[in-house]
Amino acid sequence: LNVRSLFEDADAEGKPRRFSEKGRYLADQFSWYQYLVIGLQETCVKQPGVSAIGPYLRVVGGANDAGQLGCELWLHECIAGKRVTAQSLVCFHSDPRRLFVRFQHEGIDVCFMVLHAPHSGYSQTDLEGWWRETTRLGMLYGVSAPCVLIDSNAQTPEPCPPYIGDLGHGKMGPNTPWLLHLCAKLSLWSPSTYGSLHSGGAGTWRHHKGSWNRIDYILLPLSWMNSTLASWTDDVIDLNQTYQDHRPVGCQVALMSCKSRGGPPRYNLRALQNPEVRKAIDADIRSIPDIDWAVDVHHHAQRVRDTL
């Protein structure tokens, strides 16, 4: 959902007002309608970090220096019957148009990607650069199930199975091929494009001439197709805006979660005193392939563990 700022609108003189209760107002509504995970674009909040807002744990990616853009991920404080804490989250990457967060909780392992693509007014070079880098980051960090919450500024008028279903809407634009490319590379599909799942209007953004266009999507792993129960466009949530701009798109997914079994690994400490064993371990460590400096510390550690 693109909220067009979590701040109040400017006053009659054009001066920005103080931070309002808009965020808490939205959180209360989302909680009432039982949304567990929410991706927000254009929140205009500069300071990145993790905090609480109403019944949600809030991950702020941060706006640019001018206080524009900014992505956030909100997770309900109780998921799968257990309380969610900051220890369940790892932020892989954040910039004003992208937020990548890995969520591990009660057997659930998902990489949430909150994205806000540039609109068609940008140059083709800028659009291509943003989509290529976003796809690269998605392939790098999508080690767990990727779940994309995106204001794509792209319409999808024609089916492109399995990524885009039969519910076409709008017209082709410069961002459309890149959206499909992202889906193909990360094996994603959009529930709101399938007539058998989606209810409500297709449009999620209102053009200044009054027409509604579908540019906001939830993109899920293809492996979740049989677990997705419903999709909808939400006409009920009040965004506290002076005029209609965006409206939320939601979906319901049924996933089984369970704690991992076996506990932490056990080591034979006596065997580690054997020189031959230590020599073999040393050889294993030295055989680990070189890891590029661009790899973050979490994936670096994971590769070492997997190798050993």
Just by distance, do the side chain of [X] and the backbone of [Y] share a donor-acceptor pair under 3.5 Å?
X	Y	result
S120	P174	no
N175	P118	yes
R98	L115	no
S211	H207	no
E72	R58	no
S152	I215	yes
S88	F103	no
S31	A27	no
K22	V3	yes
R247	I237	no

Supply the atom-to-atom distance [X] [atom1] to [Y] [atom2], rounded to the nearest 0.5 angstrom.
X	Y	atom1	atom2	value
D95	C71	CG	SG	7.5 Å
T156	Y163	OG1	OH	14.5 Å
T204	D234	OG1	CG	12.0 Å
D166	S196	CG	OG	6.5 Å
T85	E77	OG1	CD	12.0 Å
L239	L1	CG	CG	5.5 Å

* To do: Would you check if the distance from the ring center of W189 to the ring center of Y194 is below 6.0 Å?
  =>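 They qualify: ring centres under 6.0 Å apart.
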
* Asked: Does the separation of the ring centres of F30 and Y35 fall below 6.0 angstrom?
  ->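 That pair passes the under 6.0 Å test.
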
Side-chain touch [X]/[Y], heavy atoms, less than 4.5 angstrom:
X	Y	answer
F112	V59	no
W130	R97	yes
W212	H169	no
D216	T233	no
T135	R132	no
V114	L40	no
Y217	T193	yes
W205	N2	no

How close do [X] and [Y] get, heavy atom to heavy atom, and via which atoms?
X	Y	answer
P96	A63	CG-C, 4.0 Å
Q241	R4	NE2-CB, 3.7 Å
I53	R24	CD1-N, 3.8 Å
H198	S231	ND1-OG, 2.8 Å
Y141	H93	CE1-CB, 3.8 Å
L149	Q41	O-NE2, 3.1 Å

* Cationic N near anionic O, under 4.0 Å, D109 to R102 ->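 So D109 pairs with R102 through a salt bridge.
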
* Asked: Are D282 and R278 ion-paired here, with the side-chain N under 4.0 Å from a carboxylate O?
  ->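 Not counted as a salt bridge, because no side-chain N and carboxylate O are separated by less than 4.0 Å.
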
* Using a cut-off of 6.0 Å, state whether more than 12 heavy atoms not belonging to D238 lie near its atom CG. =>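 Yes.
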
* For atom CG of D65, decide whether the heavy atoms of other residues, nucleotides or ligands shown that lie under 6.0 angstrom number more than 12. =>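 No - once you tally the heavy atoms of other residues, nucleotides and ligands closer than 6.0 Å, there are 12 at most.
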
Give the cluster check for [X] versus [Y]: same hydrophobic cluster or not, with ILVMFWY residues linked at side-chain heavy-atom distances below 4.5 Å.
X	Y	value
M172	L180	no
L229	V110	no
L222	L167	no
L188	F92	yes
L6	Y25	no

* To do: Report the C-alpha separation of L186 and L219 in whole Å, then their side-chain angles, then the decisive distance to 0.1 Å, and conclude whether the side chain to side chain contact (heavy atoms under 4.5 Å, CB included) test is met.
  => CA-CA 10 Å; L186 300 185; L219 305 176; over 6 Å; no

* To do: Could you walk me through whether N153 and H116 pass the side chain to side chain contact (heavy atoms under 4.5 Å, CB included) test, one step at a time?
  => CA-CA 8 Å; N153 278 302; H116 185 189; 4.1 Å; yes

* Output, in order, the C-alpha distance, side-chain angles, deciding distance and verdict of side chain to side chain contact (heavy atoms under 4.5 Å, CB included) for C91 and L99. => CA-CA 8 Å; C91 182; L99 176 62; 3.8 Å; yes

* **salt bridge (charged side-chain N to carboxylate O under 4.0 Å, His left out) between R136 and E133, worked out** => CA-CA 5 Å; R136 185 191 73 81; E133 177 63 8; 2.8 Å; yes

